[in-house]
A.B. asks: 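The structure is given below, and queries will be raised subsequently.
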Amino acid sequence: MKRWIDSLRTWGLGVMLSWCVAACGGAPLEEAPVAPDEMVSDEGVEALTEAAPEASLAWDPYADAVASGTSSTVLFPNNALGAPDRRAATVLGLLNSALVLDLGQGEEGTGDLRVHYQGLTVGLVTQVDFLKADRQVVGSGTLRLVDVGVGTHVAVVRYTGSLPYRYVRLRAVLLAIYQVDAVETSVRPFCGDGLIGGSEVCDDGNQVSGDGCDSVCEVESGYTCSGEPSVCVDIDECALGTDTCAPDEVCVNRPGGFDCEAPACSPPRIVCAEACVDPRTDNNHCGGCGNVCGQGTACTEGVCLGTGNLQFTATWSRNGDADLYVKTPNNKLIFFGNRGPTEQTDFGALDVDDTGGDGPENIFWAQDRTPPSGTYEVCLRVGGFNPPPSQEQPVSYSIRVRRPGQQDLAFSGVATQPVIISNCVSGQPGHVASVVYP
């Protein structure tokens, strides 16, 4: 069988080579030098160059090298390097042939790709893959080769990705031949590169909201941004007098806006360092004046709780002992008897265990830990209360789930009898919710 396949492969390659020599005049199969007066200068190429000023930048928009992954059935792949010169690599439609070209380090593209081609007798449609420096595919586009006849023609492959690409992979067309003279990348501004272009109003070099320039490079309310990369400054509405607070209220500026507060510091707010603060949520006075929450924690219900890539927080309505349980997608159960962070908790951790108050209890994955992807089961044991939960004296509870970049999830319920957790499973007593991450 192997000999038969090899014979068929050799026969098919010979037939296609003969066809290419006959149809293309044999010129592409020779690596002969080209005289200066034979260089490509057709109007289509000139028009595209004028329409894209990035082609005149100091960096080289053309491929610098043939990369690994190029099939042995691609003839003279080096002819596809550099600017168009009427010497072309020949891509044969055999055995999933592919031509992989390296644009060069520091010369990555972020815009559309132009493919300079020649030697067609019929129109063809194939695909081009765009790859990052680590060879991960970040996009694909359709390559339509429709111009036939003598000369070098240009086809544009649209790139809609948001990441720079270093390699391009041109795929073969089954039982068809096409010739690549050159590939030419382009650069377009994208949100997060520190340059303002297209529909961007600002670009601070990231795609994070909450710092004045949001994830789609628009100025957020309460900020002004200028420069490249953009520097965003909070507008102090209180100092400018543009706030809308009532005459008997105090304007307190905050990033992106302001708060109108009553002049009196009423409970649950307290006075700390001549400031009226809420000890339930103030990171600098959490639970009391001067109690500062450290890095990676945030003040919730007057307690500094660990925060990070995923967080589950439970509170309840009256003093007693309730316990938060979270089962990971790998069936690792995190609770007071298995607090973590270890491999047995998938590196999640229970950092607060309240045994006599109204919460909170908190299970979280720190910033340097990656929670497993999948469905998490969330349960709450309601046991140690005096009097016990009943119809007359129920215990209401709430559980908040925080996932970076997504809206918080909130679940609530009422326990009218003690709930014991044997295994946190959907449909069993104490089960509160199923949460998908990410």
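Residues: numbered from 1 along the sequence shown.
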A.B. asks: Enter the distance from L99:CG to L92:CG here, rounded to the nearest 0.5 Å.
C.D. replies: 11.0 Å
A.B. asks: Just so I know, are the side chains of R144 and T142 near enough to count as touching, which here means a heavy-atom distance under 4.5 Å?
C.D. replies: yes
A.B. asks: Determine whether a donor-acceptor pair (N or O, by modelled atom type, separation under 3.5 Å) exists between the side chain of H285 and the backbone of G290.
C.D. replies: yes
A.B. asks: Would you name the heavy atoms of C289 and V271 that are closest together and state the gap between them?
C.D. replies: SG-O, 3.4 Å
A.B. asks: Identify the two heavy atoms, one from P418 and one from P389, that lie closest to each other, and give their separation to 0.1 Å.
C.D. replies: CD-O, 4.0 Å
A.B. asks: With distance as the sole test, does D354 use its side chain to make a donor-acceptor pair with the main-chain N or O of G359 at under 3.5 Å?
C.D. replies: yes
A.B. asks: Could you give me the CA-CA distance, side-chain angles and deciding distance for D323 and F335, then say whether side chain to side chain contact (heavy atoms under 4.5 Å, CB included) is met?
C.D. replies: CA-CA 7 Å; D323 293 296; F335 65 112; over 6 Å; no
A.B. asks: Mind checking whether R171 and D129 have side chains closer than 4.5 Å, heavy atoms only?
C.D. replies: yes
A.B. asks: Drop me the distance from Q118's CD to L145's CG, to the nearest 0.5 angstrom.
C.D. replies: 12.0 Å
A.B. asks: Would you say that Y117 contacts L143 through its side chain, given a criterion of any heavy-atom pair below 4.5 Å between the two side chains?
C.D. replies: no
A.B. asks: Could you tell me whether the side chain of T328 reaches within less than 4.5 Å of the side chain of I334, counting heavy atoms only?
C.D. replies: yes
A.B. asks: Assess whether side chain to side chain donor-acceptor pair (under 3.5 Å) is satisfied between R169 and T70, documenting all intermediate values.
C.D. replies: CA-CA 8 Å; R169 179 169 58 210; T70 296; over 6 Å; no
A.B. asks: With a 3.5 Å distance limit and no angle check, can you tell me whether D346 reaches the backbone of G348 through a side-chain donor-acceptor pair?
C.D. replies: no
A.B. asks: Applying disulfide (SG to SG under 2.5 Å), run through C225 and C232 and close with a yes or a no.
C.D. replies: CA-CA 4 Å; C225 301; C232 299; 2.1 Å; yes
A.B. asks: Ring-plane angle category for W316 and F385, please: parallel below 30°, perpendicular beyond 60°, tilted otherwise.
C.D. replies: perpendicular
A.B. asks: Out of V157, V137, T185, which one pairs with F130 under the side-chain contact (heavy atoms from CB on, under 4.5 Å) rule?
C.D. replies: V157
A.B. asks: Evaluate the criterion side chain to side chain contact (heavy atoms under 4.5 Å, CB included) for residue pair R114 and S186; output intermediate values, then yes/no.
C.D. replies: CA-CA 8 Å; R114 302 180 186 91; S186 61; 4.1 Å; yes
A.B. asks: Run the numbers on D234 and N253 for side chain to side chain donor-acceptor pair (under 3.5 Å), then give the verdict.
C.D. replies: CA-CA 9 Å; D234 171 58; N253 188 65; 2.7 Å; yes
A.B. asks: Evaluate the criterion side chain to side chain donor-acceptor pair (under 3.5 Å) for residue pair D351 and N362; output intermediate values, then yes/no.
C.D. replies: CA-CA 6 Å; D351 66 330; N362 189 62; 3.0 Å; yes
A.B. asks: Students often mix this up, so state it plainly: with edges at 30° and 60°, are the rings of Y376 and W365 parallel, tilted or perpendicular?
C.D. replies: perpendicular
A.B. asks: For N423 and K327, what are the C-alpha separation, side-chain angles and deciding distance, and is it a side chain to side chain donor-acceptor pair (under 3.5 Å)?
C.D. replies: CA-CA 9 Å; N423 188 16; K327 178 181 283 187; 2.7 Å; yes
A.B. asks: With a 4.5 Å heavy-atom cut-off, do S373 and P438 have their side chains touching?
C.D. replies: yes
A.B. asks: Distance-only, no hydrogens or angles: does the E361 side chain make a donor-acceptor pair with backbone N or O of A314 under 3.5 Å?
C.D. replies: no
A.B. asks: Determine whether a donor-acceptor pair (N or O, by modelled atom type, separation under 3.5 Å) exists between the side chain of S97 and the backbone of V91.
C.D. replies: no
A.B. asks: So do the side chains of Q417 and S390 get within less than 4.5 Å of each other, counting heavy atoms only?
C.D. replies: no
A.B. asks: Would you say Y165's side chain and G111's backbone share a donor-acceptor pair under 3.5 angstrom?
C.D. replies: yes
A.B. asks: Between K132 and E108, is there a salt bridge with N-O shorter than 4.0 Å?
C.D. replies: no
A.B. asks: Quick check against the 3.5 Å criterion: does E261 have a side-chain atom that pairs as donor or acceptor with the backbone of V252?
C.D. replies: no
A.B. asks: With sequence neighbours left out, which residue pairs that include part of residues 425-438 fulfil the side chain to side chain donor-acceptor pair (under 3.5 Å) condition?
C.D. replies: E377-H431, E377-S434
A.B. asks: Would you sort out whether C265 and C276 count as a disulfide (SG to SG under 2.5 Å), showing the intermediate values?
C.D. replies: CA-CA 6 Å; C265 193; C276 184; 2.1 Å; yes
A.B. asks: List the atom of C251, the atom of F258, and the distance in Å for their closest heavy-atom pair.
C.D. replies: SG-CB, 3.9 Å
A.B. asks: For a 4.5 angstrom cut-off between non-hydrogen side-chain atoms, does I363 reach R339?
C.D. replies: no
A.B. asks: How long is the span from the SG atom in C245 to the CG atom in D259, to the nearest 0.5 Å?
C.D. replies: 8.0 Å
A.B. asks: List the atom pairs, with distances to 0.1 Å, where a side-chain N or O of residues 293-305 and a protein N or O form a donor-acceptor pair under 3.5 Å, not counting sequence neighbours.
C.D. replies:
| from | atom 1 | to | atom 2 | distance (Å) |
| --- | --- | --- | --- | --- |
| T297 | OG1 | G294 | N | 3.1 |
| T297 | OG1 | G294 | O | 2.6 |

A.B. asks: Would you mind reporting whether L170 and V183 have side-chain heavy atoms less than 4.5 Å apart?
C.D. replies: yes
A.B. asks: List for me each residue that meets salt bridge (charged side-chain N to carboxylate O under 4.0 Å, His left out) alongside D102, sequence neighbours excluded, and say none if there are none.
C.D. replies: R166
A.B. asks: Grab the two heavy atoms, one from D204 and one from D211, that are nearest each other, plus how far apart they are.
C.D. replies: OD2-OD2, 2.9 Å
A.B. asks: Decide yes or no on disulfide (SG to SG under 2.5 Å) for C424 and C379, but give the supporting numbers first.
C.D. replies: CA-CA 6 Å; C424 187; C379 298; 2.0 Å; yes
A.B. asks: Might you point out which heavy atoms bring Y223 and P255 nearest each other, and give the distance in Å?
C.D. replies: OH-CB, 3.3 Å
A.B. asks: Please round to the nearest 0.5 Å and tell me the distance separating atom CG of D181 and atom CG of N79.
C.D. replies: 8.0 Å
A.B. asks: Please confirm whether the backbone N or O of Y159 pairs with a side-chain atom of D112, one donor and one acceptor, at under 3.5 Å?
C.D. replies: yes
A.B. asks: Count the heavy atoms belonging to other residues, nucleotides or ligands that lie under 6.0 Å from CD of Q391, then report whether that count exceeds 12.
C.D. replies: no
A.B. asks: Does the structure place the NZ or CZ of R381 under 6.0 Å from the centre of the six-membered ring of Y325, at an angle of no more than 45° from the ring's axis?
C.D. replies: no
A.B. asks: So, do F312 and F364 have ring centers that fall under 6.0 Å from each other?
C.D. replies: no
A.B. asks: Give yes when the SG atoms of C191 and C217 are nearer than 2.5 Å, otherwise give no.
C.D. replies: yes
A.B. asks: Q344 and N338: side chain to side chain contact (heavy atoms under 4.5 Å, CB included), yes or no, with the steps?
C.D. replies: CA-CA 8 Å; Q344 297 306 312; N338 187 32; 4.1 Å; yes
A.B. asks: Could you go through E184 and L113, starting from their C-alpha distance and side-chain angles, then the distance that decides it, and tell me whether this counts as side chain to side chain contact (heavy atoms under 4.5 Å, CB included)?
C.D. replies: CA-CA 6 Å; E184 181 181 3; L113 183 76; 5.8 Å; no
A.B. asks: Look only at the side chain of S71 and the backbone of V74, and say whether a donor-acceptor pair between them is shorter than 3.5 Å.
C.D. replies: no
A.B. asks: Measure across V292 and N284 and return the closest heavy-atom pair with its distance rounded to 0.1 Å.
C.D. replies: CG2-O, 3.6 Å
A.B. asks: Calculate, to the nearest 0.5 Å, the distance between atoms OG and CD1 belonging to S199 and I196 respectively.
C.D. replies: 11.5 Å
A.B. asks: Checking the side chain of D214 only, and the main-chain atoms of E220 only, is there a donor and an acceptor separated by less than 3.5 Å?
C.D. replies: no
A.B. asks: Return the CD to CG distance between Q407 and L409, rounded to the nearest 0.5 Å.
C.D. replies: 7.5 Å
